[in-house]
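These notes are about the structure you will find just below.
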Amino acid sequence: MSDGAEERLVARRRLIKFTGASLLLTVSPLSQAASGRAASIMAVRVWPAADYTRVTIEHSAPLKYTHFLVRDPDRLVVDLEGVEFNGVLDGLAGKVAADDPNIRLLRAGRHKPGVVRVVMELKGEANPQVFELSPVGSYGHRLVLDVYPLNPPDPLLSLLDRSEASPAMVESRTASRPESRSEARVEAVAENRRALKSEQAPAEQKTAGRSQGRPVVDRLVTITLDPGHGGEDPGAVGSGGSYEKNVTLAVARRLKAKIEAEPNMRAVLTRDADYFVPLQARVQKARRIQSDLFVSIHADAFVRPDANGSSVFVLSESGASSSAARYLAQKENAADLIGGVNIDVKDPVLARTLLDLSQTATINDSLKLGKAVLGEIGGINRLHKANVEQAGFAVLKAPDIPSILIETAFISNPEEEKKLNDDAYQDRMAEAILSGIRKYFAKNPPLAKSRLARLD
């Protein structure tokens, strides 16, 4: 190449860099390594769950990778280019627990100069997703390996399997003139189901139903409990080192046990261990089992350590009820950025969910639920705000399920952080929430549901 041609090539590359075009087109990861800017693997974290297992590989700089599946036995292979083998990679085998539902073994080794191969041995057929996350919060660059089993556990079937006793009889609201499109839709489904069942019922049962004029639904009230954050997303961190994700799960587990001790209620958790669940998936889980209520549990935080008190929030379509509510919604909605969501996965069902016009009626019911719960929480802790507040929380956007978000206390307040880690306070908080739920249902009996929400 002549000197003039080489100078023009160098000038063109500088122009590409200056105008913001992708530098990876002209500088490969291997040349980065040669110039001393190779990506270094800083940490590997494994988050096992029945839904899926996530492996997060945190690295100091962008890297190039390829991945493929191998069958018999099932393995996921990931090649990392421009990476040197180090102690973090050498210790991969010890990261996977024997009871991990999806991963049998994880190992890494030098595949060829400048390339490290990570091999994940799977316990069965899986549909893995591999994607990158840009630096956010305290995290650097992350490569995420999500292993979804081809036959994931069905939350509805697990509810049915755990229900050994006969279901309690719960009266439903009749709606000769539905209050909303949401109720009309639910009533239409319920009427079709009742008609189908009545064809198989004895004649005397049909007559009794018509004479009473009040349908009776043989099902349990289903409540979805949503412990905020989890896995890669710790939520707020207290001055004593407490993680919000641990506090919310502890309170949710206590509340679940109390709900299931009720004769006419059952509960399901959006997560039952320390792993990340995207906000969209939390809504989907509740809708799939046709929940009657959705209760998201959190612990508040603020820059000032003296901020204190408990709060209850519901969704707002038009805007936040206060600047503090707006700030909190923005913080909670950022959970997907921290926890890590594969933005390439599109869900048309969710898109319809978020745009459903029946949201208004559900918000009205959410406000009633929130008021009942807030009144009970006020008996065990100071209230940060005396009224139920509203903001655009993504996790509350189920159009047909009354939904609330509870801030149990301020984990950023040293005194309230101690409360949140106290077994007795967690138990009182769970009891207060349940008492509020009971009061809500006393005035707002649950609507009829389809057979999917019954136990017959």
Side-chain angles (χ1 to χ4, degrees), residues 43-58 65 67-71 73-78 92-93 95-107 118-133 136 139 142-159 161 224-235 245-246 248-249 252-253 268-289 296 335-350 353 394-395:
V44 176
R45 295 176 290 274
V46 180
W47 308 100
D51 291 8
Y52 76 109
T53 295
R54 166 167 291 189
V55 176
T56 305
I57 302 174
E58 188 172 1
Y65 67 93
H67 65 94
F68 55 92
L69 274 173
V70 180
R71 299 296 184 188
D74 293 295
R75 285 159 289 163
L76 172 63
V77 180
V78 182
L92 282 188
K95 295 284 185 180
V96 177
D99 59 352
D100 189 299
N102 303 299
I103 301 178
R104 188 181 308 279
L105 180 66
L106 190 63
R107 64 180 187 273
V118 177
V119 178
M120 180 188 296
E121 295 185 13
L122 307 175
K123 289 187 174 180
E125 288 188 294
N127 179 27
Q129 294 182 14
V130 181
F131 57 97
E132 297 174 281
L133 295 173
V136 62
Y139 293 120
R142 286 174 291 172
L143 181 65
V144 177
L145 318 178
D146 282 349
V147 180
Y148 291 89
L150 284 185
N151 298 303
D154 189 321
L156 180 56
L157 291 179
S158 65
L159 282 177
D161 291 341
T224 294
L225 303 178
D226 175 47
H229 309 282
E232 286 289 286
D233 175 23
K245 66 177 183 178
N246 297 333
T248 60
L249 182 58
R253 283 173 170 168
V268 63
L269 299 175
T270 57
R271 68 177 181 94
D272 57 4
D274 185 14
Y275 61 97
F276 175 71
V277 181
L279 299 176
Q280 300 173 354
R282 297 169 191 256
V283 177
Q284 290 171 329
K285 286 186 174 187
R287 298 196 78 226
R288 185 181 178 197
I289 61 172
S296 191
D336 279 355
L337 296 177
I338 299 171
V341 173
N342 187 359
I343 60 176
D344 291 332
V345 176
K346 308 298 181 183
D347 192 334
V349 175
L350 179 71
T353 298
V395 79

With side chains defined as the heavy atoms from C-beta onward, is the minimum distance between Pro227 and Thr270 less than 4.5 Å?
yes
Taking the side chain as C-beta and beyond, is there a heavy-atom pair between Ile103 and Pro48 under 4.5 Å?
no
Please confirm whether the backbone N or O of Val277 pairs with a side-chain atom of Arg282, one donor and one acceptor, at under 3.5 Å?
yes
How far does NE2 of His229 sit from CG of Asn246, to the nearest 0.5 angstrom?
11.5 Å
Non-neighbouring partners of Asp274 that pass salt bridge (charged side-chain N to carboxylate O under 4.0 Å, His left out), sequence neighbours left out
Lys245
Check whether any side-chain heavy atom of Val44 sits under 4.5 Å from a side-chain heavy atom of Val118, and report yes or no.
no
Kindly indicate whether the side chain of Thr53, heavy atoms from C-beta on, has any atom under 4.5 Å from the side chain of Val46.
yes
Distance check, rounded to the nearest 0.5 Å: Leu145 atom CG versus Thr56 atom OG1?
7.5 Å
Within the distance-only criterion (no hydrogens, no angle test), does the side chain of Arg142 pair as donor or acceptor with the backbone N or O of Phe131 below 3.5 angstrom?
no
Rounded to the nearest 0.5 Å, what separates atom CG in Asn127 from atom CG in Asp146?
10.5 Å
Exactly one of Leu225, Asp226, Thr248, Asp51 should register a side chain to side chain contact (heavy atoms under 4.5 Å, CB included) with Arg271. Which one does?
Thr248
Assess the residue pair Leu105 and Val96 against the criterion (side chain to side chain contact (heavy atoms under 4.5 Å, CB included)); give the C-alpha distance rounded to whole Å, side-chain angles, the decisive distance to 0.1 Å, and a yes or no.
CA-CA 6 Å; Leu105 180 66; Val96 177; over 6 Å; no
Is there side-chain contact between Val147 and Met120, with heavy atoms separated by less than 4.5 Å?
yes
Would a 4.5 Å heavy-atom cut-off, applied to side chains only, mark Arg54 and Arg45 as touching?
no
Is any side-chain heavy atom of Glu232 closer than 4.5 Å to a side-chain heavy atom of Glu58?
no
Between CG of Leu150 and CG of Asp74, what distance do you get to the nearest 0.5 Å?
8.5 Å
Straight-line distance of Leu92 CG to Ile57 CD1, nearest 0.5 Å
7.0 Å
Give me the ring orientation class for Tyr275 and Tyr52: parallel if the planes are under 30° apart, tilted from 30 to 60°, perpendicular past 60°.
perpendicular
For Val395 and Ser296 the tightest heavy-atom approach is CG1-OG, 4.0 Å
Less than 4.5 Å apart, any side-chain heavy atom of Lys123 and any of Asn102?
no
Nearest-0.5 Å distance that lies between atom CG in Asp233 and atom OH in Tyr139
7.5 Å
